[in-house]
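Notes to accompany the following structure.
Chain letters run A, B, ... following the sequence lines, proteins first, then strands; residues in each count from 1. Hydrogens, waters and symmetry mates are skipped; everything else that's a heavy atom, side chains included, is used.
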Amino acid sequence: PYCVILPPPNVTGFLHMGHALDHTIQDVLIRWKRMSGFNTLWLPGSDHAGIATQAVVEKDLRQQGQDRLEMGREAFLKEVWAWKQKYGDRIYSQMKRLGDSVDWEKETFTLDEGVSRAVRKVFVHLYKKGWLYQGERLVNWSPPLQSAISDLEVVHKETKGNLYKLAYPVEGTDERLVIATTRPETYLGDSCVCVHPEDERYKHLVGKNVILPIINRKIPIIADDYVDREFGTGALKVTPAHDFNDYNLGKKHNLPFHNILNVDGTLNESTGAYQGLKVQEARKHIVKDLEDQGFLVEIEPHTHAVGYCDRTGAVVEPFLSKQWFVKTKELSTPARHVVSNETIQFIPEQWTKTYIHWMNIIEDWCVSRQLWWGHRIPAWYCEDCEAITVSESDPSSCESCGSKKITQDNDVLDTWFSSALWPFSTLGWPEDSEALKTFYPTSVLVTGHDIIFFWVARMIMMGLEMKGDVPFRKVYIHGLIRDSEGRKMSKSLGNSIDPVEMIDQYGADALRFTLMAQMATGKDLKFSLPRLEGYRNFMNKLWNATRFSLTNLEGFTAPKNGVDSVLPATEFTTADRWLIFKTGKLQDEVNQYLEEMRFSDAANALYSFIWHDFCDWYLEFSKPTLYGSVAGPKHATQLVLAQTLNRIVRLLHPFAPFITEEIYRRLPIRGDACVIDAYPTSQEDQAWLGLGSEIAAFEMELVKETITAIRNIRGENSIKPGQKIDVYLSPKDDASQKILGKNRSEIVRLGQLNLCEIAPRESLKKCALAPIRMGDSQVDVIVPLEGLVDLEKEMQRLKKLIEKQEKDIKILSGKLNNQRFLANAPEDVVEADRALLATVSSRVEDLRASLMRLSD
RNA sequence: AGGGCCUUAGCUCAGUUGGUAGAGCGCCACCCUUACAAGGUGGAUGUCAUCGGUUCGACCCCGGUAGGCCCUACCA
């Protein structure tokens with residue numbers, strides 16, 4: 001089994017470039033594993049995304065002049081479901097454009113019945129265990145949402161504000177105690193003023209009271225070493241109901257909690273004249289009133305971190321309310337353990353640290369939301385005895401007193417609560433389904449680092465607690481997509497790119513390949529259009545190469561049993577056997593890279609093989625044979641074409657499923673469909689790969705070098721492409737002589753030659769020289785230049801070459817004259833350098849001699 | 001404040017057991033050669049941010065510095 005669960009996108013959302021990346025990675029893995037014979041499952045789904053969806057629908061309704069609160073819960077939910085019905089499939093159709101090969105039959109929505117059952121079961125389980133509790137606490141409150149949000153949903157941003165210094169008169173004296181605050185309006189909720197016990201300035205005031213200005217409330221001055229004497233005035237106003245630190249102080253010193261806010265973020269009835277004002281408004285009024293009455297001492301600019309709601313962007317207010325919390329202490333311990341002992345492996349590894357750090361400082365998780373869209377909390381309150389009944393199925397009476405007067409909690413669960421169960425709830429849990437037995441734990445989770453805490457960590461905790469096993473073996477964390485300037489893509493910046501638009505313009509395959517080619521492990525990637533264009537060209541190149549091949553495969557019939565009935569191996573050319581050999585290497589590489597999830601390496605290996613090895617060299621080499629009429633070699637080359645194309649499309653298929661399937665179905669050698677054909681591995685491809693040879697590969701490289709050397713001389717000497725020239729190839733060993741002889745006609749053709757003589761010889765008088773060395777083989781490429789060009793250019797070329805080689809000689813001889821290098825470096829390294837120095841030296845000699853002859 | 005990441009050719013980036021630096025795009029020159037001008041052939045370009053250490057040898061390992069990015073964090 002090999003299973004990937006798709007991170008469920010927001011049901012009302014659109015596919016953005018981040019999804020395209022995320023999905024492509026998963027699709028590559030799934031297609032690769034599917035072709036490799038695994039029992040694969042890629043399970044799609046979508047998320048109700050409580051806050052986001054409710055916000056969208058509310059906004060829509062407001063535009064129609066309707067209001068959620070007026071409509072009531074039931075009517076509103078009907079609207080949201082209608083919305084879900086209408087837009088829920090939008091992202092799925094986009095996924096199809098991308099080519100996601102998910103199992104649509106297993107598609108799951110987070111509010112589906114099965115998932116809902118799972119949610120309730122987990123809720124009850126945790127409640128019974130005491131790991132899920134209700135408590136009155138200070139929580140992060142989002143006024144626009146009128147709901148609590150979790151710590152993670154708060155984003156802290158450095159914000160410019162002011163530090164206000166306020167004077168509080170000390171009761172019974174003429175003294176005024178000056179405190180510093182960034183939120184002067186909260187003075188209405190002050191419970192005390194706190195100073196450091198050792199602070200000489202204030203020691204005499206501890207135990208006395210101050211009178212809060214205007215409202216004239218009397219509050220004590222207390223001492224606690226929590227206070228930083230250096231900050232502000234060293235005197236701290238304490239507002240336990242509206243600040244997390246003050247909350248702790250309030251608990252510690254048993255202070256009263258004065259709540260000054262309403263759920264919508266306006267000041268409440270306890271604030272008198274300020275009632276109904278929003279915090280920002282109230283602040284202005286209060287500061288002005290304090291100033292008018294002489295209580296404002298100073299305002300100085302001050303930058304500090306302010307928490308904002310990540311959904312609405314509003315300033316988060318610490319707010320006292322009754323909420324449900326998941327106790328994380330016990331859950332986090334095993335969850336931390338499975339990562340530190342590598343039962344779950346993070347890729348790249350660096351995220352392990354981030355994860356463990358977070359697990360160490362994790363706080364209880366506020367899971368209730370004052371929303372309507374989501375899983376309603378399965379808790380019922382009894383009007384008669386005030387007991388709470390928590391139950392998997394809707395109860396008809398109070399568990400404690402049997403009263404029928406029970407009402408369900410109005411709130412819903414945090415979206416991430418159901419997401420945390422996703423790896424097993426989608427597979428059928430709490431039923432002991434076949435899918436669950438087969439696919440849990442899943443193989444790999446692919447996601448961005450922005451939701452490691454939101455989602456990954458919580459899935460691990462819940463998986464371990466409910467299933468007793470990790471939810472996945474590996475977590476592949478990919479980078480974020482940025483625009484070409486490195487900024488995060490976002491709607492508000494207007495720099496986000498619609499993947500479907502890119503698909504329309506360049507094709508899904510090109511987009512997918514671009515993403516994969518740039519997907520170096522763990523790094524953010526800048527999306528660049530030129531790059532996308534380049535890979536579109538690559539797809540085009542493959543298409544054209546196929547057209548060429550198919551044209552030349554007309555009349556070709558593939559041998560019945562693969563390669564058994566094939567012609568004798570002698571019919572294969574050097575190029576044929578080189579290509580086959582390289583195909584084997586490619587298969588190993590791509591499989592290995594995919595195994596290690598090194599997607600860019602895999603993509604680049606394919607790119608380079610297809611474009612350079614196959615198109616640039618092999619197809620050019622194959623033309624004379626294909627255009628010719630010699631049956632044996634022609635058939636052999638056709639076979640190589642057909643077999644290689646077959647392997648190319650299979651290898652490329654996970655990256656570019658559309659074009660490869662299209663090509664596949666036109667090939668003379670193929671099965672039913674590329675998507676279900678086998679992924680090529682060298683182990684299972686021995687019959688074919690056996691026709692390749694490393695020796696032929698070496699020979700081919702020598703021939704390529706020779707042709708390149710000839711082209712180089714032509715180019716550097718500005719010899720027109722149409723102008724045919726004479727070339728003397730002077731091999732310095734028998735092996736080279738044989739190799740060149742065997743491939744003479746290709747050299748003539750691709751070098752645009754008149755005459756090509758292959759024999760050891762002295763250099764000619766006025767000629768260009770290119771000495772080649774590969775391993776033990778050495779060849780001098782000699783091109784007579786007399787009458788062709790002015791010799792100045794060739795002299796320049798030689799001088800440049802000589803310079804380069806001399807530099808190498810200097811470095812090499814420096815090393816070889818270093819006694820310590822000789823003494824310490826491994827023998828083979830020293831030997832290699834010695835050999836290299838010898839070659840380079842003799843090459844330089846030849847080049848110098850050639851230069852001399854030119855200037856004669 | 002703590003932690004992480006990054007700095008390699010004009011641009012975007014590869015470079016995993018330390019042995020004389022690579023790709024794509026762009027650039028220059030030549031080419032409409034019957035698969036492909038979204039193409040072909042050839043070419044130029046790097047004190048691998050900086051300083052120091054380890055090593056025979058460092059882009060790679062260790063430490064300092066500068067610049068950029070991100071995360072975590074209650075400083076009123």
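You'll find a donor-acceptor pair under 3.5 Å spanning the side chain of A:Glu620 and the base of B:A35, going by distance alone. No hydrogens or angles were tested; on distance alone, nothing pairs the side chain of A:Lys720 with the base of B:C30 as donor and acceptor under 3.5 Å. The base of B:U41 is not paired with the side chain of A:Arg714 by any donor and acceptor separated by under 3.5 Å. Judged by distance alone, with hydrogens and angles left aside, A:Asn245 brings a side-chain donor or acceptor within reach of the base of B:C74, the pair sitting under 3.5 Å.
At the heavy-atom level, A:Asp246 lies nowhere under 4.0 Å from the strands shown. A:Ile361 comes within contact range of the sugar-phosphate backbone alone, with a heavy-atom separation under 4.0 Å but no base atom that close. Looking at heavy-atom distances under 4.0 Å, A:Arg536 makes contact with a base. Residue A:Tyr226 is classed as a base contact, given a heavy-atom separation below 4.0 Å to a base. A:Tyr627 comes within 4.0 angstrom of the backbone, heavy atoms only, and of no base. Contact annotation for A:Val227: base contact, defined as any heavy-atom pair under 4.0 Å involving a base atom. At a threshold of 4.0 angstrom between heavy atoms, the contacts of A:Ser718 with the nucleic acid are absent. A:His242 comes within 4.0 angstrom of no nucleic acid atom, judged by non-hydrogen atoms across all strands. No contact: A:Cys194 has no heavy atom under 4.0 Å from any strand. At a threshold of 4.0 angstrom between heavy atoms, the contacts of A:Ala825 include nucleobase atoms, whether or not backbone atoms are also involved. Within 4.0 Å of A:Leu822, counting heavy atoms only, lies no atom of the nucleic acid at all. Using a 4.0 Å heavy-atom cutoff across all strands shown, A:Thr182 reaches sugar-phosphate atoms only and no base atom. At a threshold of 4.0 angstrom between heavy atoms, the contacts of A:Arg531 include nucleobase atoms, whether or not backbone atoms are also involved. Within 4.0 Å of A:Asn540, counting heavy atoms only, lies at least one base atom of the nucleic acid.
For A:Lys623 and B:U34, the shortest distance from a side-chain N or O to OP1 or OP2 is not below 4.0 Å. At the phosphate of B:U72, neither OP1 nor OP2 sits under 4.0 Å from any side-chain N or O atom of A:Tyr355. At the phosphate of B:C36, neither OP1 nor OP2 sits under 4.0 Å from any side-chain N or O atom of A:Asn537. For the OP1/OP2 pair of B:G40 and a distance below 4.0 Å, the side-chain nitrogens and oxygens of A:His612 include no atom meeting the criterion. Close to B:A76, at under 4.0 Å from its OP1 or OP2, lies a side-chain N or O of A:His304. Within the 4.0 Å cut-off from OP1 or OP2 of B:G40, at least one side-chain nitrogen or oxygen of A:Trp611 is found.
Partner assigned to B:U50 is B:G64, using Watson-Crick or G-U wobble distances below 3.5 angstrom. In this structure, B:G26 makes no Watson-Crick or G-U wobble pair, since no nucleotide meets both defining distances under 3.5 angstrom.
Between the side chain of A:Thr328 and the backbone N or O of A:Glu363, at least one donor-acceptor pair lies under 3.5 Å. Under the 3.5 Å distance criterion, the side-chain polar atoms of A:Asn717 are left unmatched by any main-chain donor or acceptor of A:Ile719. Panel note: side chain A:Thr839, backbone A:Ala835; a donor-acceptor pair is recorded below 3.5 Å. With hydrogens and angles ignored, the 3.5 Å screen pairs a side-chain donor or acceptor of A:Asp509 with a backbone N or O of A:Phe658.
Judged by closest nucleotide on RNA chain B, A:Lys804 is the one of A:Lys804 and A:Arg820 placed further toward the 5' end. In terms of position on RNA chain B, the residue among A:Asn818 and A:Gln752 whose nearest nucleotide sits closer to the 5' end is A:Gln752.
In summary, A:Asp190 and A:Lys237 engage in a salt bridge, as defined by a charged side-chain N under 4.0 Å from a carboxylate O. Comment: A:Glu746 does not engage A:Lys704 in a salt bridge, judged by the lack of any side-chain N to carboxylate O separation of less than 4.0 angstrom.
Taking atom C1' on both nucleotides, B:G43 is separated from B:C56 by 37 Å, rounded to a whole Å. B:A37 and B:G18 are spaced 46 Å apart, taking the P atom of each and rounding to whole Å.
With ring centers used as reference points, A:Trp351 lies 6.0 Å or more from A:Phe346.
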